[in-house]
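Single-structure report; data block below.
One-based numbering along the sequence shown. Counting starts at 1 for both ligands and their atoms, in listed order.
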Amino acid sequence: MVASSQSQSQGRGDWPAIGIDLGTTYSCVAVWRQDRNRVDVIANDQGDRLTSSVVAFTANEGIVVGDAAANQAFSNPANTVYDVKRLIGRRFSDDCVQQDMASWPFKVVAGRDDRPMILVRSRGEERQFAPEQISAMVLAKMKETAEAYLGVKVKNAVITVPDYFNNSQRKATMDAGTIAGLNVMRIIMEPTAAAIAYGLHKKPVSDQGRTVLVFDLGGGTLDVSLLNTDPGKEIGAPLFDVKAIASDTHLGGSDFDNAMVNYFVRRFIREHKNTDIRSNQKAIQRLRTAWERAKRILSSRTQTTIEVDALHAGIDFHQTITRTLFEELNKNLFRKCLVALKQCLRDAKLDMSSVHDVVLVGGSTRIPKVQNMIKEFFDGKQLCRNINPDEAIAYGAAVDAASFIRESKMEPPLTMLLDVTPLSLGVEVDFGDMTVLIPRNTAIPTRKEQVFSTYHDDQIDVVIQVYEGESAKAAENNLLGKFVLTGIIPAPRGVPNINVTFDIDQNGVLNASVNDMATGLENKITITNENVGLSMEEIERMAQEAER
Ligand code: ADP
Ligand code: MG
């Protein structure tokens, strides 16, 4: 159905090596830090970890790439190029190219051998660019972002593409990398990269292998993929096989945005009896930008306001918008997401119960309704989403880039952050202090024991409260669970020997147990990493706070 996930490498690599998610709307770059044993997602010169995949050609500044290009789009639409991922490696006469072209404000013409060429004016001069050249400009920006962060030149990279990309689309993406001055060590598939980010290629497999469903809802596309790791796989074979793909090439964040902007425009017309707003492109664009910001807020809050001064004909636009209304107005689009999901399972002839892991990818999966729909569909199953969904692909690509280099240098495979405890684990003792049993970054599986005693004379029970976090005060950490041991033989304080054991298995499941050495009385609790639910960002923040 599709070619192997690993295109031939262009040669042996060396550090540093980066992973790039070259997205339709946003791109992201990440790197494996050998020194820190973790992945860093890299922020650009604006401080953003995502960079708009937009290239603008301007009269004065020449070529502008990224968010600066996106921001000037409405004053220079014909020379602001986006969505090139929809063009790369395709023919001008392809149906999808012809259809997409109709909605783009920039011009695409037929070049040599039916190749699509993008026609722009740059510094007052008409020029033509191949999609590979435009993508190369985005890739060069990502390369520079990484170089500024690492302080060294970067050459080696792994770049991701959708799993449905054919050979010419993959080849064109590789060429774009070469044009950008990168050595593309290999191209891997986006869902594979996301699964690698979660370390799913290393998790134990069942007899039929491990089945992973990746649900990627981005700015303009939905890609649902079912992957499988085969327990009997030969060494050197791709980490995952693709069992089925279901895509909707025009369903994503910008469709939700369109629906909302239309709604606001209708309201504006009704309230102000002014229909001219429809033809005021600048007003529509400003409204869209304000809404997009509001949409992000609605992913964490249930209500927000949109304010655009002098939107049209001197009229200010003020509107309170609730999450409920957003969900209501996009009901049908959300439903379409489930249609693709079901289709994918049907094509693979799989039941949802045979899916081991569900991975959420793409900025639009930050929408609570989308998360809930999928969770409900999978019967309340915990979803992999603790890596930021719009960064997971670059994250996995960075891990893969590092693995590639280690392999070529015959170094042992890397231990990922996900194979270690992200936060210290301990219990609360006297005066609310935290006693750590398993320090942060301990490789799992692991087992630690410590003997405690009673605090009062004749105390007959002890409460064990299990916390994770870096603060010396238990209350400032995250309470994972508590349990009680009763029936201790009355004795002066400090005499009984109470043994507490923490045991973390391969899957990150913590078994905490307590036993009174005198009586043999025991109690225990099981804490799965799934009910912890801290995101990587929170973990980082907590670690930094504690360091301070
Ligand atoms: P791509 O389509 O290039 O893969 P992303 O996966 O980064 O891009 O998704 C971009 C989309 O995610 C945009 O439509 C953006 O509006 C949306 N998005 C980003 N953050 C949020 C959020 N917090 N809530 C809702 N939508 C979001
Ligand atoms: Mg994407």
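Electrostatic pairing of E147 and K143 counts as a salt bridge here, judged by a charged N lying under 4.0 Å from a carboxylate O. For D390 and R49, the salt-bridge test fails: no basic side-chain N is under 4.0 Å from an acidic carboxylate O.
Atom CE of M352 is separated from atom OG1 of T211 by 14.0 Å, given to the nearest 0.5 angstrom. Here CG of N71 is found 10.0 Å from CD of Q285. Values are rounded to the nearest 0.5 Å. Here NE2 of H312 is found 12.0 Å from CZ of R286. Values are rounded to the nearest 0.5 Å.
For the residue pair S27 and T51, no side-chain donor N or O sits within less than 3.5 Å of a side-chain acceptor on the partner.
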Could you tell me, for ligand 1, which of its N or O atoms are under 3.5 Å from any protein N or O, listing the pairs and their distances rounded to 0.1 Å?
{"residue": "ligand 1", "atom": "2 (O)", "partner": "T25", "partner atom": "OG1", "Å": "2.9"}
{"residue": "ligand 1", "atom": "2 (O)", "partner": "G219", "partner atom": "N", "Å": "2.7"}
{"residue": "ligand 1", "atom": "3 (O)", "partner": "T24", "partner atom": "N", "Å": "3.2"}
{"residue": "ligand 1", "atom": "3 (O)", "partner": "T25", "partner atom": "N", "Å": "2.8"}
{"residue": "ligand 1", "atom": "3 (O)", "partner": "T25", "partner atom": "OG1", "Å": "2.8"}
{"residue": "ligand 1", "atom": "3 (O)", "partner": "Y26", "partner atom": "N", "Å": "2.9"}
{"residue": "ligand 1", "atom": "3 (O)", "partner": "Y26", "partner atom": "O", "Å": "3.3"}
{"residue": "ligand 1", "atom": "6 (O)", "partner": "G363", "partner atom": "N", "Å": "2.9"}
{"residue": "ligand 1", "atom": "8 (O)", "partner": "T25", "partner atom": "OG1", "Å": "3.1"}
{"residue": "ligand 1", "atom": "9 (O)", "partner": "G219", "partner atom": "N", "Å": "3.4"}
{"residue": "ligand 1", "atom": "9 (O)", "partner": "G363", "partner atom": "N", "Å": "3.3"}
{"residue": "ligand 1", "atom": "12 (O)", "partner": "S364", "partner atom": "N", "Å": "3.3"}
{"residue": "ligand 1", "atom": "16 (O)", "partner": "E292", "partner atom": "OE2", "Å": "2.2"}
{"residue": "ligand 1", "atom": "16 (O)", "partner": "K295", "partner atom": "NZ", "Å": "2.8"}
{"residue": "ligand 1", "atom": "20 (N)", "partner": "R296", "partner atom": "NH1", "Å": "3.4"}
{"residue": "ligand 1", "atom": "24 (N)", "partner": "S299", "partner atom": "OG", "Å": "2.6"}

